[in-house]
Number of protein chains: 2
Amino acid sequence: MSSEELAAAAGVNSAKLRKDLSHLGSYGTRGVGYDVAYLLHQIRRELGLTQHWPIVIVGIGNLGHALANYRGFAERGFRTAALVDADPGKVGEEVGGLRIRPLAELPSIVREQDAAIGVIATPAAAAQAVADALVAAGIRSILNFAPAALVVPEGVSVRKVDLAVEMQILTYYEQRKAALDEVTSAG
Amino acid sequence: MSSEELAAAAGVNSAKLRKDLSHLGSYGTRGVGYDVAYLLHQIRRELGLTQHWPIVIVGIGNLGHALANYRGFAERGFRTAALVDADPGKVGEEVGGLRIRPLAELPSIVREQDAAIGVIATPAAAAQAVADALVAAGIRSILNFAPAALVVPEGVSVRKVDLAVEMQILTYYEQRKAALDEVTSAG
DNA sequence: GCGTGTGAAAACCTTCACAGCT
DNA sequence: AGCTGTGAAGGTTTTCACACGC
């Protein structure tokens, strides 16, 4: 398959796609294109998608529930190793085949399961304390769904997903579209 | 508050923060800093966060459930106007105080509720068909949680949130950290 | 004196365009 | 002939650094 076709499928410029792929090495054939299966294998290897990563979800509210039951993770190389909640009323409850465990067990969970990623699905007010607990337990990668800016030590990676912000970005464009419509119909 | 303090809180460079704010106008005072309350008001106005936006959630599985019950939206100016699912078995069921409605009702929902954003929380296989239905119903902004690249007409905005990709980015860094550790301990 | 607002410089990213391999 | 891989060009974003107003 040519870079032109791959780029069209991905919605990007073909030169960009070729340059990006060139960072992995020369896996294309001039005059022919790319062997998609081989390319996928190389990309997976480079991105570390060939191994399975155990994750710990903290905060089993609505979002935590959804994440615990989400099939997409397993399909993409992630295994939900444990569920944790600070609420003693929730501890012991079973969600998606896993028993909810207390925050205090984080260190042993991380050790036993060799957990690589902590997912924070708590309210914003609890997020920093949970992040501190995850880091203390040995976690070095955090995916944060709480609308809070986390402070973590050097060497710990944090990614934040803020659902409301995603929508706000859409409404910003929506507003601009509306303003543009007005100008257009007036002019 | 100075740009230095605001930048530290946001985790960015102070010059960048000042330049970004300057696009909204001159809301700071030289030698003093910014009036945070006034600044927030100006930012909210510019970003269109002063009005409430009705949203429609399509696909009431685990994620759809979580989104329907998520409090964070209301706090940030979004109102869940309707829940929609293609599964006749789910239609009529009540989630978060709203009755699930069939896909066929999308046009009337969008008209009656003046819905601005469609949220796709379906499996990947259904995502394009749902997007087409949303666009046909008059929606011009889509937030897509399905791991699928949507094709939409000019003038329709799409944002994609892929939870597995977020984790893959973390594991990529994790892998690089591990490789670096090896080199360091070997050298 | 202090901190904003902003030209200019530096860094970074994307696209062009074509030499070179199949 | 056709498509990759990549220098060079063009564009955008980030940072620097300082004139200017409080």
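Chain letters run A, B, ... following the sequence lines, proteins first and then strands; every chain starts at 1.
- A straight line from CD of Glu4(A) to P of dC16(C) spans 11 Å, rounded to a whole angstrom.
- Under a 3.5 Å cut-off, the side chain of Lys177(A) and the backbone N or O of Arg140(B) do form a donor-acceptor pair.
- If you measure from atom CG of Leu21(B) to atom P of dT14(D), you get 14 Å, rounded to the nearest angstrom.
- In terms of heavy-atom proximity, Arg76(B) sits nearest to Pro147(A) at NH2-CB, 3.1 Å.
- Contact of Arg30(B) with dC20(D) (side chain to base): a donor-acceptor pair of N or O atoms is detected under 3.5 Å.
- No side-chain donor from either of Gln168(A) and Tyr172(A) sits under 3.5 Å from a side-chain acceptor of the other.
- For Gly64(B) against Ile57(B), the heavy-atom pair with the smallest separation is CA-CG2, 4.2 Å.
- The shortest distance between the side-chain N/O atoms of Lys16(B) and the OP1/OP2 oxygens of dT14(D) is below 4.0 Å.
- Regarding Asp20(B), its CG atom lies at a distance of 12 Å from the P atom of dG5(C), rounded to whole Å.
- Straight-line distance from the CE atom of Met1(B) to the P atom of dC2(C): 19 Å, rounded to whole Å.
- For Lys19(A) against dT15(C), a side-chain-to-base donor-acceptor contact under 3.5 Å is present.
- Checked against dA17(D), dT22(C), dG5(C), the side chain of Thr29(A) finds its nearest nucleotide in dT22(C).
- Residue Ser26(A) places at least one side-chain N or O under 4.0 Å from the OP1 or OP2 atom of dG5(D).
- Within the 4.0 Å cut-off from OP1 or OP2 of dG2(D), not a single side-chain nitrogen or oxygen of Tyr34(A) is found.
- Between Tyr27(A) atom OH and dT6(D) atom P there is a gap of 13 Å when expressed in whole angstrom units.
- Straight-line distance from the CG atom of Asn13(B) to the C1' atom of dT6(C): 14 Å, rounded to whole Å.
- For Arg18(B) and dA19(D), the CZ to C1' distance is 13 Å, given to the nearest whole Å.
- Considering only side-chain atoms of Ala15(A), the nucleotide from dT15(C), dC16(D), dG5(D) that sits closest is dT15(C).
- Checked by atom type and distance alone, the side chain of Asn144(A) pairs as donor or acceptor with a backbone atom of Ala148(A) at under 3.5 Å.
- Glu5(B) places its CD atom 14 Å from the P atom of dC2(C), with the value rounded to the nearest Å.
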